[in-house]
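Worksheet: one structure, shown below.
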Amino acid sequence: MNKPKRYLVTSALPYSNGPLHIGHLAGVYVPADIYVRYLRMIGEDVRFICGSDEHGAAITLRAKKEGITPREIIDKYHEMNKRNFERFGMSFDIYHRTSDPLHHQTSADFFTVLNNKGVFTEKESEQYYDEEYQQFLADRYITGTCPKCSSEGAYGDQCENCGSSLDPTDLINPMSTLSGSTPVLKKTKHWYLPMGDYQEWVGNWIEAQQSKEVWKKHVVGQCRSWLTQGLNDRSMTRDLDWGVAVPLPDAEGKVLYVWLDAPIGYISATKALLPDTWEQYWKDEDCKLLHFLGKDNIVFHCIIFPMILHAHGDFVLPTNVPACQFLNLKGYKMSTSRNLAVWLHEYLDDFPEQEDVLRYVLTVNMPEGRDTDFSWEDFKDRNNKELVGILGNFVNRVLVLIHKYFDGIVPAETADIDTTLIDDALTNLPKELDKWVQRYEFRKAVDVVMDVAGVGNKFLADTEPWKLIKTDKAQTAAILTAGLKIIAYLSVYLEPFLPFTTPKLKAFLNLTEEDITAIKSGTFEVAAGRKINKASLLFKKLDDKAIAPQIAKLEAAQKAYDDSQKAEAAAAAGKTYEPLKPEISYEDFAKLDIRTATILAAEKMKKTDKLLKITLDLGFEQRTVVSGIAQHHQAENIIGQKVLILANLAPRKLRGVESQGMILMAGDGKNNLFFVSAHDAENGEGVS
RNA sequence: GGCGAGGUAGCUCAGCUGGUUAGAGCGCAGGAUUCAUAAUCCUGAGGUCGCGAGUUCAAGCCUCGCCCUCGCUACCA
């Protein structure tokens, strides 16, 4: 592709399961909006697509818990997020939703095409089924005892206590979270995408794409990492009653995997926006397709979705995927479940008419290549020093002076002055801005524009019109006219970053559409006689009192989370006993060779949280055992400890160290582990 | 353990395919100025570029080893 004829820009579809926070904005929506606004400014044909992602098990699970319907949840958050995006000035051409019939049709058709092409592998497997509810259970709907750490309440896909990833059939005493009953295993069929078959293609494709237009380092790195680990079959359907129904006769009760259906949402949204011409954006090689998203979505958009589009055959593939990393709160990860975040709707309520301040701070701090931090102190400083001090102040000075000395009318009588610095700055501005925006480096881009306001301040300081007015009115006029010209350019080139501020700037100078065209072509001059309006302040100074409630709110959220963790731990300690395991014979018991031993040495294993490497004296020999007790016992405190060890357990390598046995431990149910010990027994003696 | 991204001034970060005295903003110190929301402008101090080897006439940038942070993945009584 040489110069694209048109652009299609997508930003990740927010999951309709909660409100938006500034992490979403900084990493996805603000960069996408800047990019799109810039393209529109330079006259490109661009469409900007977004919408709510409304399917998936998380929504049904939550609906069940709260005793409401999935529909109620998605309606609530769709409306909420759509409205707050609008309030924040997001310039989507459409904010669609995946519950729309058009989307169901589009994604079902898409699936049919793939299926007819024989892309999928059909596989039967045994999965848990809730007989009471008559439905198969997604991994998250099943809880049970973790086979590895024995903690209760592990999910079918993961134990949150020990972090193991699980298969639902691994769980001891599985239980359906829907009915509370024990699920049964039942055969079910699913359609899998054999990703391994496309591995070579996708690898070549990524290398080819990123040689044409530079992809971000971490994006390519993440992709290569996945490719070298090898790609497995991935199921594209689920047993669920919420989502896009699989359009096949033998697929009763099955829906498309939400990760398949969501990106097709980009296509549906484009259709909804442009019923007649949408194909120009999806099927014409002259269209440049770009996905903006957070790093958590990289793999899907760079590997799986392109694969699917490629397998389908009719669609263009993304030119670039400029994913951002995460915005943290002073080092803490933002968390919806912990309510630890700065929420967009709360910001908009708490800081009315200060949308641009948030946009600016998030841009300047954008996590373009690495995680970055947000803090309210920084927010305040950026507002006061950069928006108020440099930009707002410059504009205000010029406007105040032109009113004070010339009644707000650009004077005819003027003189020649040296404006080289300003002229150079204004000539370079569009070039520099273009350079950084095309590289998706928006922090640099906004700096380049803000620097022009700095040039203006310096110009005023150097020429001192407030002194000159006493001796040379014509030169003063020339200086202020030059200042106005800077404001005119700012009113255009700041638009992608500060869309609420730039209309005010245009209004101050009474700029017309023709003026704006002239500014873009670099031919604009501030003509004599132009009426300039009185200044009003663009930005408000913020003091500590303005941000104190916000800081307090975050601290309160952190504390509430800590408290709930403690309460949970206490509740867990409030006792449920594991059921007894099946009876065994004496012979089974006799197979266990348990010996007494003394710990001779112990050291924490590097790069592990829980592992200790322990050297034991068994009397007749010494052994090394790796034990996962580092969070309960300090290595230096257990030397000399008498312990019992299961001595005939098959050796196993953990982190490269062979563990020759297992030390017996007993817990108190509150996360403490104690050694089981035979105080005075001799090392090497057995237990009977 | 595997993979990925990082480790550059007190803080937040730039540094293109290796090339002269390593940059910016904030903070700090000093000065100028008063048109402006006590805003602005100028000057200065401050870095053995994570550590150690190597390649090179020349390394923040390349190679190897190690350490630390973050993420994915595995392992984890």
Side-chain angles (χ1 to χ4, degrees), chain A residues 146-151 159 162-165 214 216-229 295-296 298-299 325-326 328 331 333 364-365 368-373 375 377-378 381-405 439 441 443-444 447 450-451 453-469 476 479-480 483 535-543 605-612 625-632 646 649 652-657 659 662-667 673:
Chain A
C146 175
K148 310 205 170 158
C149 72
S150 303
S151 77
C159 169
C162 69
S164 310
S165 61
V214 178
K216 292 191 185 188
K217 249 182 163 174
H218 67 273
V219 175
V220 180
Q222 209 33 274
C223 294
R224 286 186 185 147
S225 171
W226 267 69
L227 291 170
T228 47
Q229 283 178 34
K295 66 175 165 186
D296 49 335
I298 288 173
V299 170
Q325 310 235 13
F326 290 147
N328 297 321
K333 218 174 157 164
V364 165
N365 250 329
E368 284 170 340
R370 64 163 75 171
D371 290 0
T372 58
D373 284 334
S375 75
E377 288 82 359
D378 181 62
D381 281 349
R382 300 270 187 195
N383 177 74
N384 292 351
K385 300 210 157 71
E386 297 172 25
L387 292 177
V388 174
I390 295 177
L391 176 59
N393 188 225
F394 168 66
V395 171
N396 193 44
R397 299 169 83 182
V398 173
L399 296 186
V400 165
L401 289 174
I402 196 95
H403 273 274
K404 213 172 214 174
Y405 303 149
R439 293 185 195 176
E441 293 192 33
R443 307 161 62 122
K444 281 271 181 57
D447 274 353
M450 287 294 286
D451 282 350
V455 170
N457 276 322
K458 179 172 165 48
F459 180 70
L460 291 183
D462 290 348
T463 56
E464 300 183 306
W466 49 91
K467 281 186 181 166
L468 208 56
I469 185 66
T476 309
I479 290 161
L480 295 183
S536 60
L537 296 181
L538 294 171
F539 303 100
K540 273 196 305 197
K541 233 182 145 178
L542 296 171
D543 55 19
M605 285 178 69
K606 284 180 185 172
K607 291 190 178 183
T608 67
D609 295 333
K610 301 184 183 175
L611 298 185
L612 289 184
V625 166
V626 176
S627 187
I629 57 170
Q631 292 183 332
H632 306 284
L646 179 59
L649 184 67
R652 189 168 181 185
K653 267 202 174 177
L654 298 175
R655 286 300 189 102
V657 176
S659 179
M662 200 170 93
I663 296 172
L664 302 189
M665 306 291 295
L673 281 179

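Sequence lines set the chain letters: A, B, ... in the order given, protein chains first and strands last, and positions in each chain run from 1.
Counting non-hydrogen atoms under 4.0 angstrom, A:K458 reaches the backbone sugars and phosphates but no base. Within the 4.0 angstrom heavy-atom criterion, base atoms lie near A:V388. A:F539 comes within contact range of at least one nucleobase, with a heavy-atom separation under 4.0 Å. Counting non-hydrogen atoms under 4.0 angstrom, A:I402 reaches nothing in the nucleic acid.
Rounded to whole angstrom, the span from the CG atom of A:L542 across to the P atom of B:rA38 amounts to 14 Å. A straight line from CG of A:D447 to C1' of B:rA14 spans 10 Å, rounded to a whole angstrom. Distance, A:R382 CZ to B:rC13 C1': 9 Å, rounded to whole Å. Atom pair A:D381:CG and B:rC26:P shows a separation of 10 Å (rounding to whole Å applied). Between the CG atom of A:L460 and the P atom of B:rA36 there is a distance of 12 Å, given to the nearest Å. When rounded to the nearest whole Å, the span between CH2 of A:W466 and P of B:rC41 equals 11 Å. Rounded to an integer number of Å, the gap from CG of A:N396 to C1' of B:rA38 is 14 Å. Between A:R397 atom CZ and B:rU33 atom P the separation is 14 Å, expressed in whole Å.
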Exercise for the section: Using the side-chain contact (heavy atoms from CB on, under 4.5 Å) rule, take A:V364 and A:D378 through it: C-alpha gap first, then chi angles, then the decisive distance, then the call. Expected result: CA-CA 11 Å; A:V364 165; A:D378 181 62; over 6 Å; no
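To the nearest 0.5 Å, the span separating CG on A:D381 from CG on A:L542 amounts to 10.0 Å. With rounding to the nearest 0.5 Å, the separation of CG in A:D373 from CZ in A:F326 is 14.0 Å. A:I469 contributes atom CD1, which lies 7.5 Å from atom CG of A:L480 (distance to the nearest 0.5 angstrom). In this structure, the separation between CG on A:L227 and CD on A:Q222 is 11.0 Å, given to the nearest 0.5 Å. Note that CG of A:N393 and NZ of A:K385 are 14.0 Å apart. Values are rounded to the nearest 0.5 Å. Note that CG of A:N383 and NZ of A:K540 are 9.5 Å apart. Values are rounded to the nearest 0.5 Å.
Checking the phosphate oxygens (OP1, OP2) of B:rA39, a side-chain nitrogen or oxygen of A:K541 falls inside 4.0 Å. Between A:K385 and B:rU40 there is no side-chain N or O to OP1 or OP2 distance below 4.0 Å. Distances shown here put every side-chain N or O of A:K444 at or beyond 4.0 Å from the OP1 or OP2 atom of B:rA24.
Between B:rC13 and B:rU20, the two C1' atoms lie 25 Å apart (nearest whole Å). Rounded to whole Å, the separation between the C1' atoms of B:rG4 and B:rA74 comes to 15 Å. Rounded to a whole angstrom, the distance from the C1' atom of B:rG52 to that of B:rC68 is 15 Å. Of the P atoms belonging to B:rG18 and B:rC75, the separation is 41 Å, rounded to the nearest Å. Across B:rG50 and B:rU69, the matching C1' atoms stand 11 Å from one another, rounded to whole Å. Rounded to whole Å, the C1' atom of B:rG1 lies 47 Å from the corresponding atom of B:rA45. Only the P atoms considered, B:rC26 is 9 Å distant from B:rC41, to the nearest whole Å. Annotation: B:rG60 and B:rG6 have their C1' atoms spaced 14 Å apart (nearest Å).
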Fill in the blank from the handout: Dot-bracket for RNA chain B, 5' to 3', Watson-Crick and G-U pairs with both distances under 3.5 Å, [ ] for crossing pairs, | for partner on another strand, reads (((((((..((((.....[...)))).(((((.......))))).....(((((..]....))))))))))))....
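For the pair A:N396 (side chain) and A:A535 (backbone), a donor-acceptor distance under 3.5 Å is absent. A:E368 places a side-chain N or O within 3.5 Å of a backbone atom of A:R443 that can act as its donor or acceptor partner.
Minimum atom distance to the side chain of A:E386 is reached by B:rG25, of the listed B:rC35, B:rU34, B:rG25. Here the nucleotide nearest the side chain of A:Q325, chosen from B:rA5, B:rA39, B:rC72, is B:rA5. With B:rC41, B:rA39, B:rG27 as the choices, the nucleotide that has an atom nearest any side-chain atom of A:N457 turns out to be B:rC41. Distances were taken from every side-chain heavy atom of A:K217 (C-beta onward) to each of B:rU37, B:rA5, B:rC35; the shortest belongs to B:rA5.
Residue A:I390 is the one, among A:I390 and A:K295, whose nearest nucleotide of RNA chain B lies closer to the 5' end (criterion: closest heavy atom).
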